[in-house]
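If you're wondering where the values come from, they're calculated on a predicted model, not measured in any experiment. To find a chain, count down the sequence lines: A is the first, B the second, and so on, and within it residues start at 1.
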Number of protein chains: 2
Amino acid sequence: MSSAESLERLDVALTPQQRFEEYLQSRGQRQTKPRKFLVENIFSQHSHFDADELIEKLPRKGQPDYVSPATVYRSLREFVDAGLLNSFQLDGRTVYELDYGYPEHDHLYCTRCRKLIEFRSEPLMEIRNNVAAEHGFRVTGHRLIVHGTCRDCTGSRRTKRKQDLV
Amino acid sequence: MSSAESLERLDVALTPQQRFEEYLQSRGQRQTKPRKFLVENIFSQHSHFDADELIEKLPRKGQPDYVSPATVYRSLREFVDAGLLNSFQLDGRTVYELDYGYPEHDHLYCTRCRKLIEFRSEPLMEIRNNVAAEHGFRVTGHRLIVHGTCRDCTGSRRTKRKQDLV
DNA sequence: CTCTGTGCAAACGGTTTGCAAGGGC
DNA sequence: GCCCTTGCAAACCGTTTGCACAGAG
């Protein structure tokens with residue numbers, strides 16, 4: 001119900017770093033410099049991003065703490081698996097967002113400025129569950145993206161994209 | 001509210017073929033054999049499909065009425081543009097479904113058998129619109145996919161996919 | 001006859017992977 | 001020291017595109 005663009009953090013027992021450490025240990029995997037660096041970097045700000053945007057923000061090849069694209073991709077998948085991040089498809093690329101420590105939510109997507117606005121709706125969940133129940137369907141989750149034009153972009157000229165819903 | 005797996009057709013003034021013909025004419029494009037063949041083929045059954053599945057169903061190279069993959073891809077985009085088809089992303093591929101003559105709806109997606117179950121929900125639309133209104137967001141549409149296990153697959157063993165929601 | 005559409009093959013863009021060297025534990 | 005992890009480059013996969021010929025109007 002909030003009109004803020006981003007939702008607030010929840011209280012969680014462990015830091016993302018600790019949680020990832022547990023995940024790694026439980027699978028006999030190792031804590032490495034790239035992995036630590038990436039978790040730290042990603043959780044230092046709340047935003048949506050794709051692999052390419054993340055790579056842009058990181059040190060270039062030759063710089064200290066450089067992480068290769070392959071490792072970034074590999075790590076992102078681990079983070080999703082570990083429950084640190086969430087991912088979904090938008091305009092062909094995979095978009096990631098912080099999951100650990102943040103409440104479940106859906107998105108409004110402004111097709112003009114490409115901004116993602118988060119929202120929570122309890123009634124929405126109820127309806128989802130009711131519909132599923134009617135179909136004898138056991139829900140594990142859902143993905144909802146509402147397309148349109150955000151407040152800031154409304155009023156200026158209309159969007160030109162022809163295929164908003166893909 | 002129906003528990004059928006597919007929704008019923010609406011009454012529409014023109015056949016898909018006629019509608020596409022109008023679309024082509026309005027843009028100075030031509031009615032060709034491949035395009036006619038594809039529209040006919042696609043609207044001869046109600047189902048979800050991706051480019052590859054469609055290509056599989058069509059005559060192979062060398063056979064009469066062969067249509068090249070490039071043309072299939074090009075045509076699918078035109079059909080979406082013309083309002084004959086709808087498309088969305090699922091598991092990395094672009095899924096198409098009949099749009100013209102069918103009511104707006106959302107999907108339950110069984111991650112076990114990969115079946116897409118259609119449903120309509122008026123309350124869902126209302127909530128969507130309310131949420132959008134609260135954010136000063138002008139809606140053009142939305143995409144909702146509920147992931148889980150369908151009736152037929154429930155009861156047998158659980159799904160093994162690790163990343164249901166991507 | 002003109003101009004759009006098609007088939008072919010090459011290109012594309014995001015992501016994944018095989019491999020040999022690097023580095024936790 | 002063992003084995004997981006990394007970086008590199010090549011492969012991948014679904015989709016798009018440049019081009020020259022075919023065909024609709």
Rounded to whole Å, please give me the gap between [atom1] in [X] and [atom2] in [N].
{"X": "B/Y23", "N": "C/dG5", "atom1": "OH", "atom2": "C1'", "answer": "14 Å"}
{"X": "B/Q89", "N": "D/dG14", "atom1": "CD", "atom2": "P", "answer": "12 Å"}
{"X": "B/D91", "N": "C/dT16", "atom1": "CG", "atom2": "C1'", "answer": "16 Å"}
{"X": "A/L24", "N": "C/dG23", "atom1": "CG", "atom2": "P", "answer": "18 Å"}
{"X": "A/E78", "N": "C/dT15", "atom1": "CD", "atom2": "C1'", "answer": "15 Å"}
{"X": "B/R60", "N": "C/dG7", "atom1": "CZ", "atom2": "P", "answer": "15 Å"}
{"X": "B/E21", "N": "C/dT4", "atom1": "CD", "atom2": "C1'", "answer": "17 Å"}
{"X": "A/E53", "N": "C/dG14", "atom1": "CD", "atom2": "C1'", "answer": "13 Å"}

* Asked: If you fit an axis to the five pairs at each end of the helix from C/dC1-D/dG25 to C/dC25-D/dG1, how big is the angle between those two axes, to 10 degrees?
  ->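 One end axis against the other gives 30°.
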Does the [X] side chain pair with the main chain of [Y], one donor and one acceptor, at a distance under 3.5 Å?
{"X": "A/E22", "Y": "A/R19", "value": "no"}
{"X": "A/T111", "Y": "A/G148", "value": "yes"}
{"X": "A/N41", "Y": "A/F37", "value": "no"}
{"X": "A/T71", "Y": "A/V67", "value": "no"}

Any [X] side-chain N or O less than 4.0 Å from OP1/OP2 of [N]:
{"X": "B/R77", "N": "D/dT16", "answer": "yes"}
{"X": "B/R35", "N": "C/dT4", "answer": "no"}
{"X": "B/T94", "N": "D/dT15", "answer": "yes"}

* Gap between atom OH of B/Y73 and atom CD1 of B/I55 - 0.5 Å precision ->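 Reported to 0.5 Å precision, the distance equals 5.5 Å.
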* **Spatial distance of atom CZ (A/F137) from atom NZ (B/K115) [nearest 0.5 Å]** =>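 Interatomic distance, A/F137 CZ to B/K115 NZ, rounded to 0.5 Å: 9.5 Å.
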Under 3.5 Å, N/O pairs linking protein and nucleotides 20-25 of chain D:
from   : atom 1 : to    : atom 2 : distance (Å)
D/dG23 : N2     : B/R30 : NH1    : 2.5
D/dA24 : O3'    : B/Q31 : O      : 3.4
D/dA24 : N3     : B/R30 : NH1    : 3.3

* Does A/Q89 reach the side chain of A/T94, with side-chain heavy atoms less than 4.5 Å apart? ->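 A side-chain contact exists here, since the closest heavy-atom pair is under 4.5 Å.
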* Asked: Which residues, if any, of residues 66-75 of chain A bring a heavy atom under 4.0 Å of DNA chain D?
  ->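 Of all residues in residues 66-75 of chain A, the ones placing a heavy atom under 4.0 Å from DNA chain D are A/Y66, A/V67, A/S68, A/A70, A/T71, A/R74.
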Would [X] and [Y] count as having a side-chain donor-acceptor pair, cut-off 3.5 Å?
{"X": "B/E53", "Y": "B/H48", "result": "no"}
{"X": "B/R128", "Y": "B/H142", "result": "yes"}
{"X": "B/D91", "Y": "B/Y109", "result": "yes"}

* To do: Would you mind telling me which residue lines up with the more 5' stretch of DNA chain D, A/K61 or B/V95, judged by nearest nucleotide?
  =>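 Closest to the 5' end, via its nearest nucleotide, is A/K61.
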* **B/Q18 atom CD: more than 12 heavy-atom contacts under 6.0 Å** =>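 Yes - once you tally the heavy atoms of other residues, nucleotides and ligands closer than 6.0 Å, there are more than 12.
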* In this structure, which one of B/Q31, B/R35, B/Q25 forms a side chain to side chain contact (heavy atoms under 4.5 Å, CB included) with B/F20? ->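 Exactly one option meets the side chain to side chain contact (heavy atoms under 4.5 Å, CB included) with B/F20, and it is B/R35.
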